[in-house]
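Let me begin by presenting the structure, written as structure tokens, before commenting on it.
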Amino acid sequence: MVWDAWGDPSGHKPLPENIRGLLTQVFGVSADAVTRRDEGDVPLRESALSPDQHAGLVAVVGSENVSLDHRDRLRHAGGKSTPDLLRRRATEPQDAPDAVLFPGDHDEVAALLEYCSAGAIAVVPFGGGTSVVGGLDPARGAFAAVIALDLRRLDTLTDVDTISGTATLGAGITGPRAEELLAEHRLSLGHFPQSFEFATIGGFAATRSSGQASAGYGRFDDMIQRLRIATPSGTLDLGRAPASAAGPDLRELFSGSEGTLGIITGVTLRVHPIPETTAYRAWSFPDFATGANALRTVIQAGANPTVMRLSDEAETGLNLARAGDIGGGTVGGCLAITTFEGSASHVAARSTEASNLLAAAGGTALGETPAREWEHGRFSAPYLRDALLDAGILCETLETATSWSNLGNLKAKVTAALTDSLTAQGTPALVMCHISHTYQTGASLYFTIVAKQADDAIAQWAQAKRAVGDAIVAASGTITHHHAVGADHRPWMTAEIGDLGVQVLRAVKQAVDPAGILNPGKLIP
């Protein structure tokens, strides 16, 4: 990805004239794009690695796989949240890892962790670089030096079991590459988060990722069958069977551990045949409460689509993901998207059942065009976010989840906290929301926030983030549904799991990483 924005350079386009005019009218900004700096002009703090430490790392992976290059260090200096990108644009020297390492297999990862633990060097595992919660900050903690461990060379499909429906993939394989490799066996993983184009298999596992097709295929942690993990204390190979009563499932402990307990090097996953066909259906509901109730009816009846999501009135009306109206015409109320994948007979039966339930719950069918357009542009929203940043507009996202009975309360409390905090800072905001993932007992809420940037936009967002984090906890939501904890959500972890829960995590950390080198400052309070 580009160093100071999301994604591929070819995906970046200037804002359309009508959007620029709207920004000027609503937020009073000129909407003139800023000039980006060349990455070679960005000052970095000098590498703190000693010559002996550099030589020791080279001895493990070879000189060609230890980089002190300015470009490599800058591109591993953090993730892709709005504050990350604002920091990249600052003029003062940037924090960056002291070196970037590219191990080639599990044994090299294990050897590096052993060396760094003995030598007091902090280690930040790095996959696709897509974290939006500070999960990749090159924090040194109590250590003099920190390295980024880039897993891109762990990029092979090592096993396919077509009888059992599983495949074993290296942690450094990206989403598209995983689909390419599995397609050679007529299989698919079906995991499509917004970060799909760049994020990696190991990153999906380490953050408990949830893809846009989770209604049909489940979250990434639902797909995990086995994990291979390198820790400073040794190697863990977890998962012997589809289910087991052999004590607590340690796969659950390391799935979502965000590189703080070990580095995932290989993952065995449940896979499925490439779908024979896909059906697309879009719906309009008069209001968010009616639409949410309709989605609940479908999911609790077991008539799950592969994708099912609902935008609120603000998101439907503005539709920031596109310059024009959805489907070529105005969509009122709240837009819902459903897709159905599988065999022709399965898709026909499931789409009919779900459609009957949605119609009975107050939905108006809009045909397939809005759903197809959503799928076509579903990975493009971060590019629009970057164009808005260039135009002086703060644009950021956050997500949470709760029970169906608490969904309306949580949505109202989060919206109010964001609106009140930003308005109090003199920057009125637009807050939009959609249901992104559904479960029998509840759903997730995904918020997009747009406001005029203050002079110190990082501080502006930090204040709003504190307010909304407190509001989420007070309203009984989870502090994160799929973005993970990282550094940004760490202040609320004690409220999430309790003091004793924190002690449990610290005890595990002491067992597997006694020196504390793994991803300091993330996840564990």
Side-chain angles (χ1 to χ4, degrees), residues 1-2 5-12 79-81 84 125-133 135-136 150-152 154-155 157 167 169-184 187-224 255-256 258 264 267 269-272 274-275 278 280 305-309 321-322 337-339 341 371-386 397 399 434 436-437 444 446 448 480-484 486:
M1 293 196 283
V2 293
W6 179 269
D8 191 305
S10 64
H12 290 268
K80 296 296 184 180
S81 70
D84 286 328
F126 198 98
T130 62
S131 172
V132 292
V133 292
L136 300 175
D150 190 309
L151 301 174
R152 68 180 65 182
L154 280 65
D155 61 353
L157 173 64
L169 295 150
I173 296 176
T174 64
R177 182 59 177 155
E179 290 296 327
E180 289 175 7
L181 292 169
L182 291 170
E184 296 174 5
L187 297 170
S188 172
L189 179 58
H191 185 70
F192 302 109
Q194 195 168 75
S195 62
F196 166 76
E197 296 171 300
F198 305 99
T200 61
I201 293 296
F204 293 148
T207 59
R208 298 180 75 91
S209 174
S210 192
Q212 294 165 344
S214 66
Y217 299 122
R219 294 166 58 93
F220 196 81
D221 44 309
D222 296 328
M223 303 173 187
I224 293 173
S255 173
E258 301 184 31
I264 296 167
V267 188
L269 297 159
R270 182 189 72 221
V271 293
H272 59 265
I274 293 174
T278 301
Y280 300 85
T306 307
V307 172
M308 185 164 64
R309 51 197 287 128
R322 300 175 185 86
I337 298 296
T338 61
T339 72
E341 293 181 2
R372 285 186 178 275
E373 289 190 349
W374 167 82
E375 184 180 77
H376 177 73
R378 61 177 166 169
F379 302 131
S380 62
Y383 292 103
L384 180 58
R385 182 273 308 262
D386 295 348
T397 62
E399 35 67 72
H434 65 260
S436 58
H437 305 274
S444 68
Y446 191 100
T448 301
T480 177
H481 171 262
H482 60 269
H483 280 174

Within this structure, what is the CZ-OG distance for the pair R385 and S81, rounded to the nearest 0.5 Å?
7.5 Å
With rounding to the nearest 0.5 Å, note down the distance linking CD in E180 to CZ in R177.
5.5 Å
Spatial distance of atom NE2 (H434) from atom CD1 (I337) [nearest 0.5 Å]:
11.0 Å
Between the CD atom in Q194 and the OG atom in S210, the distance rounded to the nearest 0.5 Å is 13.0 Å
A side-chain contact here means heavy atoms from C-beta on lying under 4.5 Å apart; do S131 and V133 qualify?
yes
Is there a donor-acceptor contact under 3.5 Å from the side chain of E197 to the main chain of G175?
no
Residue of the set L189, L154, T174 for which side chain to side chain contact (heavy atoms under 4.5 Å, CB included) holds with I201:
L189
Where is the tightest heavy-atom contact between D84 and G79, given as atom of each residue plus distance?
OD2-C, 3.1 Å
Kindly compute the distance separating OG1 (T338) from CZ (R309), expressed to the nearest 0.5 Å.
12.0 Å
For side chain to side chain donor-acceptor pair (under 3.5 Å), just list the numbers for E179 and S188, CA-CA rounded to whole Å, side-chain angles, deciding distance to a tenth of an Å, and then say yes or no.
CA-CA 6 Å; E179 290 296 327; S188 172; 2.8 Å; yes
Do you know the tightest heavy-atom contact between I264 and A171?
O-CB, 3.1 Å
Take L181 and I173 through the test side-chain contact (heavy atoms from CB on, under 4.5 Å) and record every step on the way to the result.
CA-CA 10 Å; L181 292 169; I173 296 176; 3.9 Å; yes
Quick check: do W374 and Q212 have side-chain heavy atoms less than 4.5 Å from each other?
yes
Spell out, as yes or no, whether a donor-acceptor pair under 3.5 Å connects the side chain of D386 to the backbone of Y383.
no
Would a 4.5 Å heavy-atom cut-off, applied to side chains only, mark H191 and L269 as touching?
no
Atom OH in Y217, atom CZ in F192: separation rounded to 0.5 Å?
7.5 Å
Hey, mind stepping through T480 and E399 against side-chain contact (heavy atoms from CB on, under 4.5 Å) and telling me if it holds?
CA-CA 6 Å; T480 177; E399 35 67 72; 3.1 Å; yes
So, the side chain of T306 versus the backbone of E341: is there a donor-acceptor pair under 3.5 Å, distance only?
yes
Do you know which two heavy atoms are closest between V2 and P9, and how far apart they sit?
CG1-CG, 3.2 Å
Do E375 and R372 meet the salt-bridge criterion of a basic N to acidic O distance under 4.0 Å?
no
Using a 3.5 Å distance criterion without hydrogens, assess whether the side chain of R270 forms a donor-acceptor pair with backbone atoms of D222.
yes
Using modelled atom types only, decide if a donor and an acceptor are shared between the side chain of S444 and the backbone of H437 within a distance under 3.5 Å.
yes
Strictly distance-based, threshold 3.5 Å: is any side-chain N or O of H12 a donor or acceptor partner for the main-chain N or O of W6?
yes
Are Y446 and H482 packed together at the side-chain level, in the sense that at least one heavy-atom pair is separated by less than 4.5 angstrom?
yes
Check whether any side-chain heavy atom of L169 lies under 4.5 Å from a side-chain heavy atom of V267, and answer yes or no.
no
Testing the basics here: between A213 and V307, what is the closest heavy-atom pair and its distance to 0.1 Å?
CA-CG2, 3.8 Å
Could you report the tightest heavy-atom contact between M223 and G190, atom names first, then the distance?
CE-O, 4.4 Å
Ignoring hydrogens, what is the shortest heavy-atom contact between L187 and I274? Give both atom names and the distance.
O-CG1, 3.5 Å
Could you check whether any side-chain N or O of R219 sits under 3.5 Å from a backbone N or O of R208, counting only pairs where one atom can act as donor and the other as acceptor?
yes
